[in-house]
Colleague: 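Here it is: the structure, laid out below.
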Amino acid sequence: MYLTLEETAKYLSVSVPYVESLILQGKIRVLHDENGEVLIFKNQFKTHFEQLEKYKKLVEELKSEPIPEDIDIKDED
């Protein structure tokens, strides 16, 4: 499935100028149709979203891990 610039920006939750800059940097591959419209293959972002989910799970695991009590701190009055 192919997306337009606007659809891609919405899909990635970023602005259209940011998508355009990624295209110019060569980070997003595009095709041009006979009318000169830019088309972007949707599946090239699959790995990006897989990595994003992996990092979200890691952050949740780190947040749920209890903070160990520091054995060096003693309440001595």
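Counting begins at 1 with the first residue of the sequence.
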Colleague: Atom CD1 of I40 and atom CD of E6: how far apart are they, to the nearest 0.5 Å?
Modeller: 9.0 Å
Colleague: Can you tell me how far apart OH (Y2) and CG (N43) are? Round to the nearest 0.5 Å.
Modeller: 9.5 Å
Colleague: Mind checking whether V38 and H32 have side chains closer than 4.5 Å, heavy atoms only?
Modeller: yes
Colleague: With the side chain counted from C-beta on, respond yes when L5 and V30 share a heavy-atom pair under 4.5 Å apart, and no when they do not.
Modeller: no
Colleague: Treating Ile, Leu, Val, Met, Phe, Trp and Tyr as nodes and any side-chain heavy-atom pair under 4.5 angstrom as an edge, say whether M1 and L12 lie in one connected cluster.
Modeller: yes
Colleague: Would you indicate whether the side-chain heavy atoms of L22 and V14 approach each other to under 4.5 Å?
Modeller: no
Colleague: Do side-chain atoms of N35 reach the backbone of E37 as a donor and acceptor pair under 3.5 angstrom?
Modeller: no
Colleague: Hey, could you give me the OG1/NZ distance between T47 and K54, rounded to the nearest 0.5 Å?
Modeller: 11.0 Å
Colleague: Hey, what's the ring geometry for Y11 with F49, parallel, tilted or perpendicular (30° and 60° as the breaks)?
Modeller: perpendicular
Colleague: Between K56 and E53, is any pair of side-chain heavy atoms under 4.5 Å apart?
Modeller: yes
Colleague: Could you state the interatomic distance from CG (L58) to CD (Q51), rounded to the nearest 0.5 Å?
Modeller: 11.5 Å
Colleague: By the rule that ILVMFWY residues connect when side-chain heavy atoms come within less than 4.5 angstrom, directly or transitively, which residues belong alongside V59?
Modeller: none
Colleague: In Å and rounded to the nearest 0.5 Å, what is the OH to CG distance from Y55 to L62?
Modeller: 12.5 Å
Colleague: When rounded to the nearest 0.5 angstrom, what distance separates CD1 in I23 from OG1 in T8?
Modeller: 7.0 Å
Colleague: Is the number of heavy atoms from other residues, nucleotides or ligands within 6.0 Å of CZ (F41) greater than 12?
Modeller: yes
